[in-house]
Amino acid sequence: MAKELITREENYSQWYNDIVTKAGLAESSAVRGCMVIKPYGYAIWERMQAALDKMFKDTGHENAYFPLFIPKSFFSKEADHVEGFAKECAVVTHYRLKNDPNGKGVVVDPEAKLEEELIIRPTSETIIWDTYKDWIQSYRDLPLLINQWANVVRWEMRTRLFLRTAEFLWQEGHTAHATKQEAVEEAELMLRIYTDFAEKWLALPVLRGVKSPNERFAGAIETYCIEALMQDGKALQAGTSHFLGQNFAKAFDVKFLNRENQQEYVWATSWGVSTRLMGALVMAHSDDLGLVIPPKLAPIQVVIVPIYKNDEQYNAIAEKAYEIKSQLEARNIRVRFDNRDTHKPGFKFAEWEFKGVPVRLAIGPRDLENQTVEVARRDTLEKEVLQLRNLDFKIQNLLDQVQQNLYQKALDYRTMNTFKVDTWDEFLLQIEKGGFILAHWDGTAETEQKIKDETKATIRVIPIEEEPKPGKCVYSGNPSRQRVYFARAY
RNA sequence: CGGGGUGUAGCGCAGCCCGGUUAGCGCGCGUCGUUCGGGACGACGAGGCCGGAGGUUCGAAUCCUCUCACCCCGACCA
């Protein structure tokens, strides 16, 4: 399994693609735009799911499941929403196949046309709000805090593994509230949860704030987002949380009776993160030797590689390895003992490095003699020989250090690649170098669009600031309320 | 969806321009043996409707037409 990896410098997108496929995270499938998530990649996704799911439940949310299919008519009920998604919907028109009367294979049975076409959900607001209508009568039914883990389909023209696929996995939260303020607080709470998750689990520092009207979710009043910087200087939207106002309540007629016995429309939020986070994970930390996975998400945190010349040595080393394995497992560390006899140690070292395992232990005859083990960390590639005494404790600490270091590295990178810019010339120069540009903007969609047309840069985040510092727009020179973050984005 | 490129064994490729026996090579895979502190080596072996469908021809991986998929660059998007 010799791994050849192009460098980030040479070709960043091929480097990304190679890591995803060669490390066994995912591969493209026989179906256009759709990927197969392989066991190693899915194991990481499951860890993300588990961590997020706990955070959602700890803040009072419950999981439920709604249909994959949505009647076409539901989409027309919210004007902005349908406009945002219309161009990328997969549509089910028939429900039966039959043998091709004049040939081989099967054809769609024209007799089996659906009365009303079904849309494969690109997002579930419509079906969920249609359902909520029957669930909500009184203020006592609120807030309704529901999350769904699901797949959705958006018929994308150009797809990339994890970053943009026609079908992807995600969670979507959909909540209903009695007051505007409570809904806004919910949207902001979920943004904090996403931030926490990105920083503590993905080891990925993110900017937080709101989107400009241009970049807002179709049907939202306000879109909050977290935005991360990838190693090629491009920004990646890593999660969004929307304050939907009463748009969907009005579209689907969801009202409740308040304490004063009056009918009111409910207030809504929705929020989601997707398997795109897998792409963020790869692009944020990996290097020219392959994948680097933060310990908290690594399916295998420690791999043990035995070094031996004969069966006798192997047996002695294996005994020690299993002992270490159970010692580490007692601390809930995920360990793999790589006792394959088909590969030499050097091969295994390279392979596990490619797969991003945070810590590697090597045990050979010398170690057996000295009661030691060689410990190598993936993030810095440093190696040291440690005494076996208290090894579990040392490894636990090391894993924490690796997690911390990855975050710090990513944060330093972002700091080094965030620039305050005050003139348009500077902006044009800087945007070519990548990274975030912190500049004043006059707040108009026209200016934003012109900047995008001229530079491909978009406003990624408008920071939420207590005391915004006004200035002059970097493009138009008109008054600006505060600086915003620009970048080229995925 | 526009421009460019590529489809030949699990992966990476040669062969195609100039049609002609059983379609090659490297990696990987299987068996056996020797190896094992940074990507080992030898012997033997398995594996291909040459992306798909039509056509031209005595004969097509090779020429023609259509189609599908993937990759890169744009516009759109999580």
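Proteins get letters first, then strands, A, B, ... in listed order; numbering begins at 1 in each.
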Looking only at rA78(B), rG38(B), rC73(B), the nucleotide nearest the Arg360(A) side chain is rG38(B)
Exercise. Are Glu432(A) and Arg488(A) within salt-bridge range, i.e. N to O under 4.0 Å?
Worked result: yes
- Separation of the C1' atoms in rG74(B) and rG51(B), to the nearest angstrom: 27 Å
Any Lys344(A) side-chain nitrogen or oxygen under 4.0 Å from OP1 or OP2 of rG37(B): yes
May I ask you to say what Tyr314(A) touches in the nucleic acid, namely base, sugar-phosphate or nothing, with a heavy-atom cut-off under 4.0 Å? nothing
### Task
Report which part of the nucleic acid Glu353(A) touches: base, sugar-phosphate, or nothing (heavy-atom distance under 4.0 Å, all strands).
base
Atom CD of Glu454(A) and atom C1' of rA75(B) are separated, to the nearest Å, by 17 Å
From CZ of Arg160(A) across to P of rC73(B) the rounded distance in Å is 7 Å
* Asked: Under 30°, 30 to 60°, or over 60°: which ring-plane class applies to Tyr194(A) and Trp271(A), parallel, tilted or perpendicular?
  -> perpendicular
Under a 3.5 Å limit on both distances, the Watson-Crick or wobble mate of rC63(B) is rG55(B)
Checking all strands, does Gly33(A) fall into the base, sugar-phosphate, or nothing category for heavy-atom contacts under 4.0 angstrom?
sugar-phosphate
Does Thr372(A) reach a base, just sugar-phosphate, or nothing at all? Heavy atoms under 4.0 Å. nothing
request  = Taking atom P in both rA43(B) and rC27(B), compute the distance separating them and give it to the nearest angstrom.
outcome  = 12 Å
Open item on the list: When the P atoms of rG5(B) and rU65(B) are compared, how many Å lie between them, rounded to an integer?
Closed with: 15 Å
* Mind checking Ser274(A) for me? I need base, sugar-phosphate or nothing, with any heavy atom below 4.0 Å counting as a touch. => base
- Task: Pick the C1' atom in rC17(B) and in rA75(B), then give their distance to the nearest Å.
- Result: 36 Å
Measuring only the P atom in each nucleotide, how far is rC32(B) from rC71(B)? A whole number of Å is fine.
40 Å
With rounding to whole Å, what would you report as the distance between rG4(B) and rC50(B) at their P atoms?
-> 28 Å
Under a 3.5 Å limit on both distances, the Watson-Crick or wobble mate of rU34(B) is rA40(B)
rG48(B) -> Watson-Crick or G-U wobble partner, both distances under 3.5 Å, gives none
rG7(B) and rG15(B): how far apart are their P atoms, nearest whole angstrom?
-> 10 Å
How would you label the contact of Glu156(A) with the nucleic acid (heavy atoms, under 4.0 Å): base, sugar-phosphate, or nothing?
base
Closest to the 5' end of RNA chain B, once Arg32(A) and Thr240(A) are matched to their nearest nucleotides, is Arg32(A)
Taking for Glu215(A) and for Phe349(A) the nucleotide of RNA chain B with the nearest heavy atom, the one nearer the 5' end belongs to Phe349(A)
Separation of rA78(B) atom P from Tyr194(A) atom OH, nearest Å, is 14 Å
Which of rG39(B), rC72(B), rC77(B) is nearest the side chain of Arg154(A)? It is rC77(B)
With the side chain defined as heavy atoms from C-beta on, Ser13(A) is closest, among rC73(B), rG37(B), rA78(B), to rC73(B)
Any strand, both distances under 3.5 Å, Watson-Crick or G-U wobble: rC16(B) pairs with none
Any strand, both distances under 3.5 Å, Watson-Crick or G-U wobble: rG2(B) pairs with rC73(B)
From NZ of Lys211(A) across to P of rA78(B) the rounded distance in Å is 8 Å
Report yes if a side-chain nitrogen or oxygen of Lys456(A) is closer than 4.0 Å to either non-bridging phosphate oxygen (OP1 or OP2) of rC73(B); otherwise report no.
no
Closest to the side chain of Ala362(A), out of rA75(B), rG37(B), rC71(B), is rG37(B)
When rounded to the nearest Å, what value does the distance between P atoms of rC11(B) and rG48(B) take?
14 Å
### Message
Salt bridge or not between Lys87(A) and Glu156(A)? Use side-chain N to carboxylate O under 4.0 Å.
### Response
no
- Query: Under a 4.0 Å N-O cut-off, is there an ion pair linking Lys57(A) with Asp53(A)?
  - Reply: yes
For Tyr224(A) and Phe243(A): C-alpha separation, side-chain torsions, deciding distance, then whether ring-ring contact (aromatic ring centres under 6.0 Å, His included) applies.
CA-CA 8 Å; Tyr224(A) 299 83; Phe243(A) 168 60; 8.1 Å; no
### Query
With a 4.0 Å cut-off, would you call Asp232(A) and Arg8(A) a salt bridge?
no
Side-chain atoms of Lys309(A) come closest, of rG37(B), rA78(B), rC36(B), to rC36(B)
Hey, is Glu167(A) close enough to Arg154(A) for a salt bridge, meaning N to O under 4.0 Å?
no
Whole-Å distance, Glu172(A) CD to rA78(B) C1', equals 12 Å
Should Arg336(A) and Asp338(A) count as an ion pair when the cut-off is N to O under 4.0 Å? no
Whole-Å distance, Asp311(A) CG to rC36(B) C1', equals 12 Å
Worksheet item: If you look at every strand shown and take non-hydrogen atoms under 4.0 Å, does Leu163(A) touch a base, only sugar-phosphate, or nothing?
Response: base
NA contact type, Pro306(A), heavy-atom cut-off 4.0 Å: base, sugar-phosphate, or nothing?
-> nothing
According to a strict under-4.0 Å criterion, is Lys87(A) in side-chain N/O contact with OP1 or OP2 of rC76(B)?
no
message: Using a 4.0 Å heavy-atom cut-off, does Tyr490(A) contact any base of the nucleic acid, only the sugar-phosphate backbone, or nothing at all?
response: base
His343(A) NE2 to rA40(B) C1', in whole Å, measures 12 Å
message = Mind checking if Asn310(A) touches a base, just sugar-phosphate, or nothing, with heavy atoms under 4.0 Å?
response = nothing
Of the listed rC73(B), rC36(B), rG38(B), the closest approach to the Tyr308(A) side chain comes from rC36(B)
message: Using a 4.0 Å heavy-atom cut-off, does Glu374(A) contact any base of the nucleic acid, only the sugar-phosphate backbone, or nothing at all?
response: base
The single option from Lys348(A), Arg378(A), Arg360(A) that satisfies salt bridge (Lys or Arg N to Asp or Glu O under 4.0 Å) with Glu353(A) is Arg360(A)
- Think Arg164(A) has a side-chain N or O under 4.0 angstrom from the OP1 or OP2 of rC76(B)? no
Here the distance between atom P of rC41(B) and atom CZ of Phe347(A), to the nearest Å, is 12 Å
Considering only heavy side-chain atoms of Glu88(A), the closest of rG39(B), rA78(B), rC77(B) is rC77(B)
Under a 3.5 Å limit on both distances, the Watson-Crick or wobble mate of rG7(B) is rC68(B)
